[in-house]
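Heads up: the structure comes next, in structure tokens.
Every chain is numbered from 1 and lettered A, B, ... according to where its sequence line falls, protein lines coming before strand lines. Keep in mind that the numbers below use all heavy atoms, side chains included, and drop hydrogens, waters and symmetry copies.
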2 protein chains.
Amino acid sequence: MRIVIALGGNALLKKGGKGTAAEQLNAAKSAISSLEPILRGNQVVLTHGNGPQVGNLLIQQQATEEVAPMPLDVLDAMTQGQIGYFLSSAVSMTGLHSATLITRVVVDPEDQAFKNPSKPIGPFYGTPPKTQNAQPGTRYSMDAGRGYRLFVASPEPLKIREHDAISALLEKGFVVIAVGGGGIPIKKSGEGLEAVIDKDSATSLLASHIQADLLIFVTSIDAAYLDFGKKAERALGQTPAQDARKHLVQNHFAEGSMKPKVEAALRFLEKGGRKAIICSISDIRDALEGKKGTIFVP
Amino acid sequence: MRIVIALGGNALLKKGGKGTAAEQLNAAKSAISSLEPILRGNQVVLTHGNGPQVGNLLIQQQATEEVAPMPLDVLDAMTQGQIGYFLSSAVSMTGLHSATLITRVVVDPEDQAFKNPSKPIGPFYGTPPKTQNAQPGTRYSMDAGRGYRLFVASPEPLKIREHDAISALLEKGFVVIAVGGGGIPIKKSGEGLEAVIDKDSATSLLASHIQADLLIFVTSIDAAYLDFGKKAERALGQTPAQDARKHLVQNHFAEGSMKPKVEAALRFLEKGGRKAIICSISDIRDALEGKKGTIFVP
């Protein structure tokens, strides 16, 4: 089977940790250890978030004027190198062959998202930092009353530029690490853009491009829930797309958390995908057998 | 033809520049524009240095204690992402397909180089910085009387871990960007090491692994010279390996500059390579026709 698995950024940099290289490598080893049975005997692409890592890079960009700060597209490329290396190392240590591809994703520079930068990234500030001006299409705004944060556009991904390279490596037996942080946003012409692409959305698009049999979103909770956090909360098991769409309309899934995953799962099915799963990393084998997690079907 | 081309780090970040993203992208576009006739119709891997970029990252690691500093292997992975993205962008803008692979290189942790860290990297300091202790196998030492610098080991590359992935992508028609900064030094078991691998040496090893027809070192001067800088200086044209070996013994080539390139060229020929060229980027087409540059043959 050809499987695309999206790992959350927090699967690789634990909250409360310092984010040292040793911590990140250990987190990667732990994740890969859970995935190993699936990596063996299947064609697998791993995608991953980069929120905490790009936040750290943003702090470093502003910490000294001695070095020219890099824009967001370049920082994303750097976190792809960083996190891809940790994941590649962890995969190699199991004896499997891995390859990390720097991945660019085409977006429309006229996407409405650029008119309303809505995705907060990086650290909180008492006042907007002066060492680095917000780039065109980004702004510093108050975030949830906790301080100023950089808000950037989150445009819709249109094409994974490296999808052919990813397929070529899968066919040769490599575990491929790609689309890190949702991919580097570029125009069709190739120029980078100051934006952040939703990782789940980009992962779904990749799964469609490469005609994956299965798309899996690994989360910190064990399934998508209805009435999550309420007394009546209940986990969704196998769920037809039609039902999931109703649950979406009824606002059962949290913005910026479960909702984008459910939407990305449904988009994969709409484009011909046959199965999409949301589950915790420890449940992944049971989820493949239909025993755990939320399993969306057409 | 299958061709491996090594670009100097300074080809991508000019001395005297600030090293902004725009400057680096423009330098990459300029380099790719010179190479485009060769990229078309051949299987080409581009490797590159990362000296100025990793120096900048080292400064940023020490500029704030808010973020855990990353060790050298991780910084190398990050510069591979950064520079690979610039080069990939430049290649894509010509209409060719490119792919950037994060590349690890196996070295022996018992390599004598770890006993005598000899390669200075990053900025000069009045006193050794305290925010980041030198890791085992590295040390801060006075460099040429100009200040303290981090000295790291430069072990011999034994195996390019990703060479199969590189071949797979070449066969599918991608211009492959790989082995950035000489590659990320790892043990055979996969763990990273605090070291820097000579880019020319790692590039030569890759060319042997993938049975390249031709290895090209792009330099800021137009050829390897005998008696360089002296009144009797003369450029080497076509040169049999046997003669080059004599010139090496007679110390015609500068340490850390032309010497590692000549040695790397000869190593490629010893392992079955048929031709290795040292030339400037503007002379590259003429060099392919035997009219310019230094051309080493068995």
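- When all heavy atoms are compared, the tightest approach of B/Y85 to A/G192 is OH-CA, 3.2 Å.
- Of the listed residues B/E66, B/E171, B/H97, the one with more heavy-atom pairs under 4.5 angstrom with chain A than any other is B/E66.
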key: Criterion side chain to side chain contact (heavy atoms under 4.5 Å, CB included) on A/V74 and B/F86, from CA distance to verdict   = CA-CA 8 Å; A/V74 179; B/F86 292 131; 3.7 Å; yes

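- Remark: B/E36 CD is packed, more than 12 non-hydrogen atoms of other residues, nucleotides or ligands lying under 6.0 Å away.
- For B/L57, the part lying under 4.5 angstrom from a heavy atom of chain A is the side chain only.
- Heavy-atom pairs under 4.5 Å with chain B peak, among A/D164, A/D73, A/L25, at A/D73.
- The greatest number of non-hydrogen atom pairs below 4.5 Å with chain B, out of A/R104, A/Q80, A/E23, A/Q24, is found for A/R104.
- Heavy-atom pairs under 4.5 Å with chain B were tallied for A/A68, A/P123, A/A99, A/A90; the largest tally goes to A/A68.
- Here the closest heavy-atom approach between residue B/F174 and residue A/A165 is recorded as CZ-N, 3.4 Å.
- For chain A, the nearby part of B/E162 is the side chain; its heavy atoms alone come within less than 4.5 Å.
- Note that CE of B/M78 is 4.0 Å distant from CE of A/M78, once rounded to the nearest 0.5 Å.
- With a threshold of 4.5 angstrom between heavy atoms, A/I186 approaches chain B through side-chain atoms but not through N, CA, C or O.
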ask   = Going through the checks in order, is the side chain to side chain contact (heavy atoms under 4.5 Å, CB included) test met by A/L101 and B/L101?
value = CA-CA 5 Å; A/L101 267 178; B/L101 267 178; 4.0 Å; yes

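- Interface remark: of the candidates B/S189, B/G180, B/S98, B/G81, B/G81 forms the most heavy-atom pairs closer than 4.5 Å to chain A.
- Heavy-atom pairs under 4.5 Å with chain A were tallied for B/I83, B/V67, B/T64, B/L169; the largest tally goes to B/V67.
- At a 4.5 Å heavy-atom cutoff, the contact between A/E191 and chain B is made by backbone and side-chain atoms alike.
- Contact annotation for B/Q82: both backbone and side-chain heavy atoms come within less than 4.5 Å of a heavy atom of chain A.
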request  = Any chance you could lay out the side-chain hydrogen bond (donor to acceptor under 3.5 Å, both in side chains) test for A/S88 and B/R161, step after step, and finish with the verdict?
outcome  = CA-CA 11 Å; A/S88 267; B/R161 186 51 81 81; over 6 Å; no

